[in-house]
Number of protein chains: 2
Amino acid sequence: MSDTSYAYAQVRETISQQIAEQKLTGNLPSERELCATYDVARSTLRQALGQLEHMGLIYRKNRSGWYVCPRKLKYDPMQHTSFLQYTTAQGFQPSTKLVEQKKQKPCKEIANALELDGRTSLTSILRVRSVDGRTVVVEELNFSNKHLPNIDKHDLSLSISVLLKNTYHHHNVLYDIAVESCCLFNPIAQYLNTYDGALGLKVTRIVRDLEGTAFEFDREYWRHDALMIENKAKLHF
Amino acid sequence: MSDTSYAYAQVRETISQQIAEQKLTGNLPSERELCATYDVARSTLRQALGQLEHMGLIYRKNRSGWYVCPRKLKYDPMQHTSFLQYTTAQGFQPSTKLVEQKKQKPCKEIANALELDGRTSLTSILRVRSVDGRTVVVEELNFSNKHLPNIDKHDLSLSISVLLKNTYHHHNVLYDIAVESCCLFNPIAQYLNTYDGALGLKVTRIVRDLEGTAFEFDREYWRHDALMIENKAKLHF
DNA sequence: GCGCATATTTGGTATGGACCAAATGACGGC
DNA sequence: GCCGTCATTTGGTCCATACCAAATATGCGC
């Protein structure tokens, strides 16, 4: 049991317990109602709600209200099962929407990672992915035109891994993944139906061929409360 | 560039930029000073500071002040390089302290993961690990006495992997890792010199032998701003 | 029943003041 | 120079209030 010596901690523990016992489902009462119930100021209540949000127990829809979080999606960035595959396997209804596709020059970070100079062109797509009608991740995928000739001529709203396999014959690739917590700002926060400054998880991925030449650089911005990273491996001491 | 239509966002962007340009290092001016500088109320300023904290740019020492974050530690939970190894390799000064060791009955979650009944005993240790004098992670390690006979008779302040290898002959093991964002509460928050409700990253690890029998269950609570999870793999489409 | 304008509710932003506890710094005695 | 004591500074908690913008509910006309 956590510390309950402060008002916000008591409110937090009470609500947290009600959620655990499933006495609280769907959407919560309004902040002003909760203030009255627990006899605290709105700022104190919002401190409690903020912590419950960080615990992944509740989330907010912009100016609409607070809701109890659905269960988390389990995701292994090292596996190459598709989004469709691993979400449906866990009983979710997935959907993906391609938001934008453009050809552009790489930023410093990408140029560095893909060992490109600033003039080489890059094909970038932005897509949002949802489960059960709730957007959980915004993905920015960047492909090096130099290493994947004419990639911008293909339909990138279809499966990218199939494209890499069939058209570019990348059957074996190396993954470089980084996961860190981050802050979500507009416009990404808006895609995720959350607020400017919300908490998120950032997954960065560099994809290389077996010679070590990098041809893809991805950034995934996840709702922090929608995701649990999972990973299995065999180790030799 | 992020949204700056609000006061807190402007303060955030200004300070963020000063940190990026290294005009701001070490500890920040006091909150009341910053309020005067940016002409905002303290709660507004604290909202900005809170977001910079979530971005991993600044952190606070309890009732002492705000400080610019040192660089993050890179950590691959799937590798079996020791804490000592990977921290020094990155130029940090590591240290570990064993806080507590006890023999106890497993909680529900652990009993379930290790397939024990509630009566089987468990040897648990709690240790804190620091880099450059800053505590970054609290680890709780739990060993099944049934599968590792007399483990409580050994000195668990030494390297556990050496013990597993030499005494119990576990040269090959299976790892089940989960990473998710979490909230840090007392007393763990206190070990990490942070506040009740601070943001963290939780790493859960189940260790099995090659037959799949689990004998160890670990929980790591990391400062969210101290850690970047890294992972490399070769994949076959 | 449907569409549209309007009123209401909701969270989001922001202010300013108050008090507390712990960390820090200054001071004095030794 | 060291070690306690005490005053000051600092962030941590909490309150009451106000106004805004967007989401939602309401009710009217058709």
Side-chain angles (χ1 to χ4, degrees), chain A residues 2-13 15 26-54 58-68 133-134 183-187 189-190 192-199, chain B residues 2-13 15 26-54 58-68 133-134 183-187 189-190 192-199:
Chain A
S2 308
D3 205 338
T4 51
S5 36
Y6 296 110
Y8 73 84
Q10 284 184 23
V11 175
R12 180 189 73 207
E13 290 307 311
I15 297 181
N27 73 319
L28 274 66
S30 79
E31 292 186 1
R32 285 161 178 91
E33 268 183 73
L34 291 169
C35 288
T37 306
Y38 299 110
D39 194 30
V40 291
R42 202 161 146 227
S43 54
T44 304
L45 176 83
R46 281 173 66 83
Q47 190 175 359
L49 293 179
Q51 294 194 353
L52 290 164
E53 182 185 32
H54 289 165
I58 62 175
Y59 70 102
R60 34 182 145 174
K61 285 192 203 161
N62 190 33
R63 278 171 225 274
S64 153
W66 292 89
Y67 298 80
V68 175
R134 182 168 172 247
C183 235
L184 305 168
F185 298 116
N186 291 337
Q190 286 167 339
L192 292 168
N193 293 312
T194 186
Y195 58 98
D196 183 59
L199 195 55
Chain B
S2 307
D3 206 338
T4 51
S5 37
Y6 297 109
Y8 73 85
Q10 284 185 22
V11 174
R12 180 189 74 207
E13 290 305 313
I15 297 181
N27 73 319
L28 275 65
S30 78
E31 291 186 0
R32 285 160 178 91
E33 268 183 72
L34 290 170
C35 289
T37 306
Y38 298 110
D39 193 29
V40 291
R42 200 161 146 227
S43 53
T44 304
L45 176 82
R46 279 173 67 83
Q47 190 175 359
L49 292 178
Q51 294 195 351
L52 290 164
E53 182 185 31
H54 289 166
I58 62 175
Y59 71 101
R60 33 182 146 173
K61 284 191 204 162
N62 189 32
R63 277 169 226 274
S64 153
W66 292 89
Y67 299 79
V68 175
R134 183 168 172 247
C183 236
L184 304 168
F185 298 115
N186 292 337
Q190 286 167 339
L192 292 168
N193 293 311
T194 187
Y195 58 99
D196 184 59
L199 195 56

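Because the structure is a prediction, the values reported are computed rather than measured.
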Separation of atom [atom1] in [X] from atom [atom2] in [N], rounded to whole Å:
X        : N      : atom1 : atom2 : value
A:Leu28  : C:dT9  : CG    : P     : 19 Å
B:Leu45  : C:dG17 : CG    : C1'   : 16 Å
B:Gln51  : C:dA14 : CD    : P     : 10 Å
A:Arg63  : C:dT9  : CZ    : P     : 17 Å
A:Arg46  : C:dG11 : CZ    : P     : 8 Å
A:Asn186 : C:dG12 : CG    : C1'   : 13 Å
B:Asn27  : C:dA23 : CG    : P     : 16 Å
A:Glu31  : C:dT9  : CD    : P     : 16 Å

Item to check | Phosphate OP1/OP2 of C:dT15 contacted by B:Thr44 side-chain N/O (<4.0 Å) | outcome: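 Checking C:dT15 against B:Thr44, a side-chain N or O does come within under 4.0 Å of OP1 or OP2.
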
Checklist entry - So, is B:Tyr6 near the phosphate of C:dA14, with a side-chain N or O under 4.0 Å from OP1 or OP2? => result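 No, B:Tyr6 has no side-chain N/O under 4.0 Å of OP1/OP2 on C:dA14.
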
Item to check | Full working for side-chain contact (heavy atoms from CB on, under 4.5 Å) between A:Asn62 and A:Asn193 | outcome: CA-CA 7 Å; A:Asn62 190 33; A:Asn193 293 312; over 6 Å; no

Item to check | Heavy-atom contact window of chain B on DNA chain D, given 5' to 3' at under 4.0 Å | outcome: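 Under 4.0 Å from chain B, the extent on DNA chain D is D:dT10 to D:dT13.
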
Checklist entry - With a 4.0 Å cut-off on heavy atoms, is A:Arg32 in touch with a base, just the backbone sugar-phosphate, or nothing at all? => result base

Next on the checklist: Within the 4.0 Å heavy-atom criterion, would you say A:Tyr8 contacts the bases, only the backbone, or no part of the nucleic acid?
Outcome noted: sugar-phosphate

Checklist entry - Applying side-chain hydrogen bond (donor to acceptor under 3.5 Å, both in side chains), which residue pairs with at least one partner in residues 32-45 of chain A are found, sequence neighbours left out? => result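 Counting only pairs at least two positions apart or across chains, the side-chain hydrogen bond (donor to acceptor under 3.5 Å, both in side chains) contacts touching residues 32-45 of chain A are A:Glu31-A:Arg42.
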
Checklist entry - Please walk me through it: do A:Arg12 and B:Asp196 pass side-chain contact (heavy atoms from CB on, under 4.5 Å)? => result CA-CA 12 Å; A:Arg12 180 189 73 207; B:Asp196 184 59; 3.2 Å; yes

Item to check | Residue mapping more 5' on DNA chain C - nearest nucleotide basis, B:Arg42 or B:Gln47 | outcome: B:Gln47

Checklist entry - Can the positive tip of A:Arg134 be found less than 6.0 Å from the middle of the six-membered ring of A:Tyr67, inside 45° of the ring normal? => result no

Item to check | Heavy-atom pair of closest approach, residues B:Leu49 and B:Ile15 | outcome: CD2-CD1, 4.3 Å

Item to check | Closest contact, heavy atoms only, B:Gly197 versus A:Gln51 | outcome: CA-NE2, 3.6 Å

Item to check | Partner set under side chain to side chain contact (heavy atoms under 4.5 Å, CB included) for A:Arg60, not counting sequence neighbours | outcome: A:Arg46, A:Glu53, A:Trp66, A:Tyr195

Checklist outcome for this item: Comparing nearest nucleotides in DNA chain D, the 5'-proximal residue of the pair A:Ser43, A:Ser64 is A:Ser43

Checklist entry - Given that B:Pro29 and A:Val40 both sit by DNA chain D, which one's nearest nucleotide is further toward the 5' end? => result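 Checking each residue's closest nucleotide, the 5'-ward one belongs to B:Pro29.
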
